[in-house]
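What follows is one structure encoded as structure tokens, with my remarks underneath.
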Amino acid sequence: AEKWDMPMAYSASNFHSENGAEFASCVTKGTQGEIEITTHPGGSLFAGADIKRAIQTGQVQIGERLMSGHQNENAVFGFDSIPFLAPSFDASAKLFEAAKPKMSELLEEQNLVMLYAVPWPPQGLYFNKEVNSVEDMKGLKFRSYNNATSRLAELTGMLPVTIEAAEISQAFATGVAESMISSGATGYDRKVWESLSHFYEVDAWLPYNYVMVNKEIWDGTSEANQGIITSCAKEAEMNGLKASKAYTQFTMDGLAEGGMAVGPAGDALMGELRAIGETMTAEWLEAAGDDGKAIVDAYKASN
Amino acid sequence: MTEIYAIGLFLFVLFLLLGTGVWVGLALMGVAWVGMELFTTRPVGDVMITTIWASSSSWTLTALPLFIWMGEILYRTRLSEDMFKGLSPWLARLPGGLVHTNIVSCTVFAAVSGSSAATLTTVGKMAIPELRARNYPEKMVIGTLAGAATLGLMIPPSLALIVYGVTVNESITKLFFAGVFPGLVLAGMFMGYVALVSFTSKDWNPNVELGMTFAEKVANSRFLLPVFALITVVIGSMYAGLATATEAAAIGVIGALVLALVQGSLTWDSFRASLMGATRTSAMIALILSGAAFLKLSMGFTGLPRSLADGIAAMELTRFQLLMALLVFYIILGMFLDGISAIVLTMAVVEPMVRGAGIDLIWFGIFVVVVIEMAQITPPIGFNLFVLQGMTDHEMGYITRAALPMFAIMVLMVFVLIWFPELATWLPDNMRNGPS
Amino acid sequence: MTLLRRFLDFLYSAAGVLAALCLIAILSLIVIQMIARWTGEVFPGAPDYAGYAMAAASFFAFANALSRGAHIRVSILLNAVSPGPKRLLEIWCFGLGAAIAWYFTYYAYNFVYYSWRFNEISQGQDATMMWIPQSVMVVGGSLLAIALTDNLLHVLTTGDHRIVRDTIESHGE
Ligand code: NA
Ligand code: NA
């Protein structure tokens, strides 16, 4: 029997981690213990940022990573994080299908085989006040965590402040930051209603967590077991999507229950945001080159 | 059975390397290496570097050398003398005398710093020479310092509570509030113990402080102004939203430099000495943290902490039994791991157990903090013991024995928390809710 | 020989000074970031740079901390035994320590080489090429390894190591 260790970045109770644990037991059962996968949630083995390289170099056999975290390395990895390009679960599924062949190819070059990917709930805007237009956002301190979110702040006239994930709650409580873009889950987990008042479901983008296996290890796995793993992965992809949708509803309700005003953005605001999205799509296409253009063209053709 | 074999092997190699005098950080790396070579097929060297790079280049870690530097600067100012001048008239007549300054100073600095090691170096550097000069029993000086410095983890801000809050998805703000009263109660218990010893111990013959009138005492309190100014600036910057917990450390350093400048104790030599001292102390702690990070990873690969927690989960205990089992579990784990690693490694299994038993997760955060405070002073791997060894030249055994009563008091504190859960839950439940 | 001796001692001290400068860099980066935020400016990547300076401050200081006796060890046994066995124990400690440090350095070099070869870029806003900050592990690791080996040879040839604790300066006594 072979033992595979599977590092995951998010806490054990997160739906991605629960889904990953089910996938692991599916594989362990399906292969009758020939391959036994142990998940290590909550960054208890490797932190998120280190997981991709750990799989590539065989430090672990398999693992889960938010791929858009690696867009500095290759802009194409961030195709799922372009604001307002595919703003819904259905649109983002189409975008992902359009990108899948290219992504698999890029990952394979990096010694990685993609097994399945599950989207996070859609990203929405959090504020400490009511916002009806981009004008209302001007001058707010906006939590940014990468170049794209900084650029978004710039285009909306907000002031980007860098706050690490660990300090989100404290930063809002003390007014170091007044606004952020994130999924409902982040706000729910960090209980931001203690300091923030409004959540707008703008569905800006749906970033994907990928579960990947080291290619050499994959190639060394028997065809029968590869088949079992692939079918477990298919199941996990479906279950994960379901869980993501259910969790979106759950966190929206949770935020509202916590006392926040939760709802879609007004038409005027949404229009302005889409215009900003087009600017950022164009900028991303410049950075992502032909590969990026192929993905966006395929996505637009599928609509 | 693999587990028992693994535990035995880890312990054997650990005691062999530490006991023969291999430097602590390198010994931890050696133990981790043996564990990984024997229990996994993964490339050990690559894993080691990945994890050591991640742990040593962390932004949150930067608060540690800065707080240590702040301590080194303050140690070279008149602040320590002044603090004693200010505090001693009030504390000298209490049973236990100036040993209370150890505990009071640690409590105060705990409100500035998020770590136990930083609190310990800051207060220890100032307090040890002063208390020695006044002829207090060395064991009490060292022991109370080792124990009270752990308040840095409970009284907000706290690195341990941040890690816990992120791991179990609870509000860090609430956890911070929850730590306030238990921190003060624990400090009070330490002080009660000091008073008790002062009555019963034969070695208790400190120099007698001069008596003062109330007016004189108040007048003398002006010496406390610099300390309180510094603390106000550091804490104020955090609560006013000017700085995050990490950035507050930088404000602390600048505040200390300004203070030293105003007092005229900032010379080029003292600046250089404080900087080099801080650099070396941080390097010492960084080497141990590197080793600890690798050991944590190695244990994670073997699945040891998790299978122990699984074992507890399988026993299906009542709420009180569960807490007792976890207490013993974390005390044992805390002997070999630093507290924060113990949280990260086990919470995946412990959290559902605790939630299932209907225990409030905010309250449990404080329970866990008390337990990892103990880990700071239990051998063979106890950070406060290491830091005190570096600071005083006493042997580990001596420091451990000196700190043992503090360990017992922390165990008592766990029961106090169980009997009076409101200590931890009242403040977070009654703080302002909803948007500001 | 004396030239080599002086060169090595200079090396350990110089690296210590470099580490101290990195500590000042951490302070400056954090202060600049705060001021930038207060004034509505942006300093992208400041936390990442502070993290690299943190690693550099640690690794550059390892050898210096060793030769000044700042790294701690459990010395109960060392203090209890007579000079003969003590020398053997010291050989074991320095030998094993040097082996671990060289092992670390070798894999750190591999790690950095991989980062360079595959053009690893930081995932933060700084987008730094990772081999640059990561090189401090190779430099600091090899300095520590050299210092441990240096002391090992000293124990083998003269019977004692060269670690001198600086109790007056930094140990609060
Ligand atoms: Na604290
Ligand atoms: Na311990």
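Just so it is clear, the model here is predicted, and its values are computed rather than measured. Quick note on labels: first sequence line is chain A, next is B, and so on, each numbered from 1.
- For a heavy-atom cut-off of 4.5 Å, chain C lies close to B/Leu26, B/Met29, B/Gly30 in residues 25-32 of chain B.
- In the displayed structure, B/Trp268 atom CH2 is contacted under 6.0 Å by at most 12 heavy atoms of other residues, nucleotides or ligands.
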Q.
Would B/Thr62 and C/Leu29 count as a side chain to side chain contact (heavy atoms under 4.5 Å, CB included) here? Give the steps.
A. CA-CA 11 Å; B/Thr62 55; C/Leu29 282 164; over 6 Å; no

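- Minimum interatomic distance between B/Thr279 and C/Ala57 (heavy atoms only, all atoms of both residues): CG2-O, 4.4 Å.
- Between C/Arg73 and B/Gln389, the shortest heavy-atom distance links the atoms O-NE2, 2.7 Å.
- Nearest heavy atom pair, residue C/Leu77 against residue B/Gly19, reads CB-O, 3.6 Å.
- Taking the side chain as every heavy atom from C-beta outward, C/Asn110 and B/Ile49 never approach each other to under 4.5 Å.
- For the atom pair B/Leu17 CG and C/Ile100 CD1, the distance stands at 6.5 Å (nearest 0.5 Å).
- Using a 4.5 Å cut-off between heavy atoms, C/Val136 contacts chain B through its side chain alone, with no backbone atom that close.
- Here B/Leu61 is the residue among B/Val253, B/Ile288, B/Val44, B/Leu61 with the most heavy-atom pairs under 4.5 Å with chain C.
- Side-chain atoms of B/Arg280 never come within 3.5 Å of backbone atoms of C/His71 as a donor-acceptor pair (strictly under, hydrogens ignored).
- By the 6.0 Å contact criterion, OH on C/Tyr103 is enclosed, its count of non-hydrogen atoms from other residues, nucleotides or ligands being greater than 12.
- Between C/Met34 and B/Ala243, the closest heavy-atom pair is SD-CB, 3.8 Å.
- Across B/Ser56 and C/Phe59, no two heavy atoms sit closer than the pair OG-CE1, 3.4 Å.
- Of the two parts of C/Gln33, only the side chain, counted from C-beta on, holds a non-hydrogen atom closer than 4.5 Å to a non-hydrogen atom of chain B.
- If you measure heavy-atom distances from C/Leu88 to chain B, you find no contacts under 4.5 Å at all.
- Ranked by heavy-atom pairs under 4.5 Å with chain C, the list B/Val24, B/Val22, B/Leu287 is led by B/Leu287.
- When atom types are taken as modelled, the side chain of B/Trp59 and the backbone of C/Ala50 share no donor-acceptor pair closer than 3.5 angstrom.
- Chain B forms the most heavy-atom pairs under 4.5 Å with one residue out of C/Tyr114, C/Phe104, C/Tyr52, and that residue is C/Phe104.
- Between C/Leu27 atom CG and B/Met70 atom CE the span is 12.5 Å, to the nearest 0.5 Å.
- Contact of B/Ser58 with chain C is made through the backbone alone, with heavy-atom distances under 4.5 Å.
- When C/Gly51, C/Ala61, C/Ala56 are compared by the number of non-hydrogen pairs under 4.5 Å with chain B, C/Gly51 comes out ahead.
- The minimum heavy-atom distance between C/Ile30 and B/Ala250, with the atom names listed, is CG2-CB, 3.7 Å.
- Less than 6.0 angstrom separates the ring centroid of C/Phe94 from the ring centroid of B/Trp23.
- Inter-residue side-chain proximity for B/Thr50 and C/Tyr107 is flagged as unmet; no heavy-atom pair is nearer than 4.5 Å.
- Atom CZ of B/Phe12 sits in a sparse spot, with 12 or fewer heavy atoms from other residues, nucleotides or ligands closer than 6.0 Å.
- Atoms OG and CE, from B/Ser290 and C/Met137 in turn, are 9.5 Å apart once rounded to the nearest 0.5 Å.
- When the candidates B/Ala278, B/Ala286, B/Pro43 are compared by the number of heavy-atom contacts under 4.5 Å with chain C, B/Ala286 comes out ahead.
- The line from CG of B/Leu242 to CD1 of C/Ile35 is 11.5 Å long, rounded to the nearest 0.5 Å.
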